[in-house]
Amino acid sequence: MADIILGIESSCDDTSAAVIKDGWLLSNVIASQEVHKSFGGVVPELASRAHEMNIVPVVSEALSRAGITGSDLTAIAFTRGPGLLGSLLVGTSFAKTMALSLDIPLVMVNHLQGHILAGFVKQEGSPNKAPSFPYLCLLVSGGNSQIVRVDSPLEFTILGQTIDDAVGEAFDKCSKMMGLGYPGGPIIDALAKKGDPKRFTFAKPHVEGLDYSFSGVKTSLLYFVRDQIAKDPEFMEKNKEDICASFQKCLIDILMDKLIKAAKLTGIKEITIGGGVSANSGLRQRIVQEGEKRKWNVYLPEFKFTTDNAAMIAIAGYYHYLAGERCPLDVAPVSRIADF
Ligand code: KG4
């Protein structure tokens with residue numbers, strides 16, 4: 001009999017539900033929350049409220065697009081963390097209630113594992129984009145910057161991670177500081193395409209091993225912009241494309257230096273990326289170029305699987321389900337998960 005898993009994701013500001021049948025995607029519905037735009041960042045309380053409003057219609061739509069009803073489901077997988085606690089509570093409580101009422105198993109998923117396994121979602125008419133084991137995943141989002149070694153769908157080792165800000169945070173905070181808007185990543189990405197990445201340079205961190213740091217480069221940009229604006233109040237407006245291109249190049253250089261080091265140290269040539277920042281066009285281009293030079297097999301996730309979505313939670317949940325893992329009904333969400 002087929003295993004049909006409903007995935008539920010509510011860790012930040014996207015409410016999403018997806019259905020997967022034996023690893024094949026039947027539906028993936030995402031309701032993004034526009035309410036945060038005017039605040040320049042996610043407002044946790046508004047996010048929880050929007051999840052509460054969205055969760056029922058989103059799950060109904062996912063079941064309907066998959067052509068099934070709740071009684072066809074084998075199990076429900078949900079994001080337990082990391083993320084915003086109020087947002088996670090909505091998805092967790094909903095998943096528990098639905099599993100209890102349908103009398104089917106509940107499986108909890110680490111949101112980051114979802115990002116790392118997104119490439120394993122099989123889709124009708126789409127070539128398989130999954131790397132072979134072991135592979136390295138550069139996991140880059142608004143909350144994380146890590147290099148993870150993946151030995152199986154259930155075995156993850158963090159080889160390096162940020163010691164301060166995440167790279168997505170650097171994009172978002174710097175965009176806000178430059179008055180460009182939120183979320184900063186896509187805005188800087190779009191402006192960078194029209195700018196000169198070699199025009200300006202920013203301080204790069206010196207961090208041991210495979211760890212990252214992004215707070216210094218953020219400060220470097222802040223002082224640079226402040227000093228230039230003191231000389232010419234129009235400086236930002238006149239140069240924003242070159243500033244974005246140079247700043248983005250600096251972040252990509254930092255990310256790639258450690259990824260190249262990790263590939264050399266482990267001898268692993270299967271490489272993938274995940275998380276919201278993996279949508280960045282400069283990063284995608286660069287990883288493909290490095291891959292050609294270094295004979296890596298590079299797997300780029302489809303854009304729809306780079307940001308938060310429930311398809312990745314359903315596929316990760318599917319593997320946990322197959323491994324016999326079940327989640328008790330007294331489980332609580334967690335905002336931070338130190339390790340996998
Ligand atoms: O994975 P995600 O949707 O949410 C979590 O952080 O869990 O990632 C959101 C992050 C934000 O920081 C956003 O600015 C960044 O991903 N992002 C991008 C791009 N698209 C989204 N960063 C750089 N370039 C992009 N094209």
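Model, not experiment: these values are computed from the prediction. Nothing fancy with the numbering, it's 1 onward along the sequence. The figures that follow rest on heavy atoms only: side chains count, while hydrogens, waters and symmetry mates do not. In listed order, ligands and their atoms are each counted from 1.
Protein residues are said to neighbour a ligand when one of their heavy atoms lies under 4.0 Å from it; for ligand 1 these are His111, His115, Ser141, Gly142, Gly143, Gly168, Phe171, Asp172, Pro183, Gly185, Pro186, Asp189, Gly275, Gly276, Val277, Ala279, Asn280, Thr307, Asp308.
The side chain to side chain contact (heavy atoms under 4.5 Å, CB included) test with Ile273 is passed by exactly one of Leu255, Asn280, Leu138: Leu138.
Using the six-membered ring where Trp is involved, His115 and His111 have ring planes that are perpendicular, over 60° apart on the 30 and 60° scheme. Ring orientation note: the planes of Phe120 and Phe133 are close to parallel, at an angle under 30° on the 30°/60° scale.
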task: Could you please spell out the steps behind the salt bridge (charged side-chain N to carboxylate O under 4.0 Å, His left out) verdict for Asp22 and Lys122?
output: CA-CA 9 Å; Asp22 288 337; Lys122 291 185 269 188; over 6 Å; no
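The pair Lys176-Asp172 does not count as a salt bridge, with every side-chain nitrogen at least 4.0 angstrom from each carboxylate oxygen.
Using modelled atom types, one finds no donor on one side chain facing an acceptor on the other under 3.5 Å when comparing Ser215 with Asp165.
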